[in-house]
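Just so we're on the same page: letters track the sequence lines, and every chain starts at 1. Since this is a predicted model, take the numbers as computed values, not measurements.
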There are 2 protein chains.
Amino acid sequence: MPDFPQLALDQQLCFPLYAATRAVTKQYAALLTGTGLTYPQYLVMLVLWEAGEPVTVSALGNRLRLDSGTLTPLLKRLELAGRVERRRDAEDERRVLIELTAAGRALREQVADVPLRLASAMDLDRSSVVSLRDELNVLIAHLDDA
Amino acid sequence: MPDFPQLALDQQLCFPLYAATRAVTKQYAALLTGTGLTYPQYLVMLVLWEAGEPVTVSALGNRLRLDSGTLTPLLKRLELAGRVERRRDAEDERRVLIELTAAGRALREQVADVPLRLASAMDLDRSSVVSLRDELNVLIAHLDDA
DNA sequence: CGTCATTCGATTGTGCGCAATACAGTTGTG
DNA sequence: CACAACTGTATTGCGCACAATCGAATGACG
């Protein structure tokens, strides 16, 4: 019976990546209670705040690497909560534009301190965060090619 | 109108982490088609193969940081697929022991090359993988305390 | 021996994440 | 204009992930 050292959970990159993401998401969920946002909803709001103008569903999907099967119901929940409005683009009726409401824009100040609070919970120095972030971006880029 | 540079998607660690995990999971899904395993199911199998003996649901949960709400249905699907058997522990009737079937054990050889194939898809040198893995483990440890 | 807190797992309900599919609207081509 | 190909979004179905809750089994304590 051969052994399979390469299948050891702790030797692989995949599991720490998977576990760390869920741990970070859980921290965000804790900091976002009170805003009514989930973590993926928060990411969508980040894109909308950054854009400063209506954004199509596909643009959101490209930025966040999510497809319409994920975004459509998420955006409907954001609309139901009064954070965004959804309307067809008059220029091209296939497109749906997502626009912040006043309440959606106001939320930005309420979460402005979230990244800082997260960083303190993670307790990593700035250089570790930067190198980790950059290595992850390299990884993503490589997987895109494959 | 104040600006919120700290809310920029690209400056934060959270988004690359989130996106990289989904990219890696997608790669695993591709390599695991044919085995009938999903990525979380593959992780459960890794733990069972490593243990070499029946494992309780809670032990699986501790190792993988997943709760019974996730594991119970996942294990039922693995049982339905003939990979594992579930039975109450005679010593303590509250516990459920998860045991590999012959088919479940046999699967190990079939996926033995998956980590190597993943590593080649990720195209990172060994030292990057190790440092990334270790930094993620540090991150997880810190979030546990918080 | 009762009983009371704890442990273990299952269940329920909500929200992703994604493949596959459907379909309306748009564009290209002759 | 006719019509085929393409685009952008929505829908469906399945499988996680997790909070909250429940109920059975156990163990500690008086």
**Asked** How about B:Leu17 and B:Arg22: do any of their side-chain heavy atoms sit closer than 4.5 Å?
**Response**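 They are not in side-chain contact.
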**Prompt:** Side-chain N or O of B:Arg88 less than 4.0 angstrom from OP1 or OP2 on D:dA25?
**Reply:**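 So the side chain of B:Arg88 is outside the cut-off, no N or O lying under 4.0 Å from OP1 or OP2 of D:dA25.
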**Atom-to-atom span, CD of B:Gln27 to P of C:dG17 - whole angstrom** =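 For the pair B:Gln27 CD and C:dG17 P, the rounded distance is 18 Å.
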**Prompt:** Are A:Arg63 and A:Glu50 ion-paired here, with the side-chain N under 4.0 Å from a carboxylate O?
**Reply:**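 Salt bridge: yes.
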**Request:** Using heavy atoms and a sub-4.0 Å distance, could you list which residues of residues 31-48 of chain A are near DNA chain C? By number, please.
**Result:**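 When residues 31-48 of chain A is checked for heavy atoms under 4.0 Å from DNA chain C, the hits, listed by number, are A:Thr38, A:Pro40, A:Gln41.
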**Prompt:** Between B:Asp92 and A:Asp92, which has a closest nucleotide on DNA chain D that is more 5'?
**Reply:**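 With B:Asp92 and A:Asp92 compared, the 5'-side residue is A:Asp92.
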**Residue pair A:Gln27 / B:Leu143, side-chain heavy-atom distance below 4.5 Å** =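 They are in contact (side-chain heavy atoms under 4.5 Å apart), so the answer is yes.
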**Prompt:** Of the non-hydrogen atoms in A:Leu32 and A:Thr38, which two are nearest, and what is the gap between them?
**Reply:**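 Closest approach of A:Leu32 to A:Thr38, heavy atoms only: CD1-O, 3.8 Å.
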**Request:** Fit a plane to each ring of B:Tyr39 and A:Tyr18, take the angle between them on a 0 to 90° scale, and name the class: parallel (under 30°), tilted (30 to 60°) or perpendicular (over 60°).
**Result:**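 The arrangement is perpendicular - the two ring planes meet at more than 60°.
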**Request:** Can you tell me the distance, in whole Å, between the CG atom of B:Leu80 and the C1' atom of D:dC14?
**Result:**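 Between C1' of D:dC14 and CG of B:Leu80: 14 Å.
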**Request:** By nearest nucleotide on DNA chain C, pick out whichever of A:Arg94 and B:Arg22 is the more 5' one.
**Result:**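 In this pair, the answer is B:Arg22.
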**Prompt:** For B:Glu91 and D:dA24, what is the distance between atoms CD and P respectively, to the nearest whole Å?
**Reply:**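 In whole Å, D:dA24 P lies 22 Å from B:Glu91 CD.
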**Message:** With a 4.0 Å cut-off on N to O distance, would you call A:Arg88 and A:Glu93 a salt bridge?
**Reply:**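 Judged by the 4.0 Å cut-off on N to carboxylate O distance, A:Arg88 and A:Glu93 do not form a salt bridge.
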**Distance test, side-chain N/O of B:Arg95 to OP1/OP2 of D:dA25, below 4.0 Å** =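 No, because none of the side-chain N or O atoms of B:Arg95 sits under 4.0 Å from OP1 or OP2 of D:dA25.
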**Prompt:** Can B:Leu13 be reached from B:Ile140 by stepping across I, L, V, M, F, W or Y side chains whose heavy atoms are under 4.5 Å apart?
**Reply:**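 The answer is no; the residues belong to distinct hydrophobic clusters.
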**Prompt:** When you measure from every atom of DNA chain C, which of residues 58-79 of chain B have a heavy atom less than 4.0 Å away?
**Reply:**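 The answer is B:Ser58, B:Ser68, B:Gly69, B:Thr72, B:Lys76.
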**Given DNA chain D, 5'-ward residue of the pair A:Lys26 and B:Ala90, judged by closest heavy atom** =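 By nearest-heavy-atom nucleotide position, the 5'-most residue is A:Lys26.
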**Prompt:** When we call it a touch if two heavy atoms are under 4.0 Å apart, what does A:Thr25 touch: a base, just sugar-phosphate, or nothing?
**Reply:**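 If one applies the 4.0 Å heavy-atom cut-off, A:Thr25 turns out to touch nothing in the nucleic acid.
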**Message:** Taking the side chain as everything from C-beta on, heavy atoms only, tell me whether A:Lys76 gets closer than 4.5 Å to A:Thr72.
**Reply:**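 The answer is yes, as the side chains (C-beta and beyond) meet within the 4.5 Å cut-off.
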**Prompt:** Do B:Leu46 and B:Val24 belong together in a cluster built from hydrophobic side chains that touch within less than 4.5 Å?
**Reply:**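 They do share one cluster, since a chain of ILVMFWY contacts under 4.5 Å joins B:Leu46 to B:Val24.
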**Message:** On a heavy-atom basis, which atom in A:Ala103 and which in A:Gly82 lie closest, and how many Å separate them?
**Reply:**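 Where A:Ala103 meets A:Gly82 most closely, the heavy atoms are CB-O, 3.7 Å.
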**Asked** Expressed in angstrom and rounded to an integer, what is the separation of B:Tyr18 atom OH from D:dA17 atom P?
**Response**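 About 13 Å, once rounded to whole Å.
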**Message:** Please verify the inter-ring angle class for A:Tyr42 with A:Tyr28; under 30° counts as parallel, over 60° as perpendicular, anything in between as tilted.
**Reply:**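 Correct class here is tilted.
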**Item:** Five-pair end axes of the helix from C:dC1-D:dG30 to C:dG30-D:dC1 and the angle they enclose, rounded to 10°
**Value:**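 So the angle between the two local helix axes works out to 10°.
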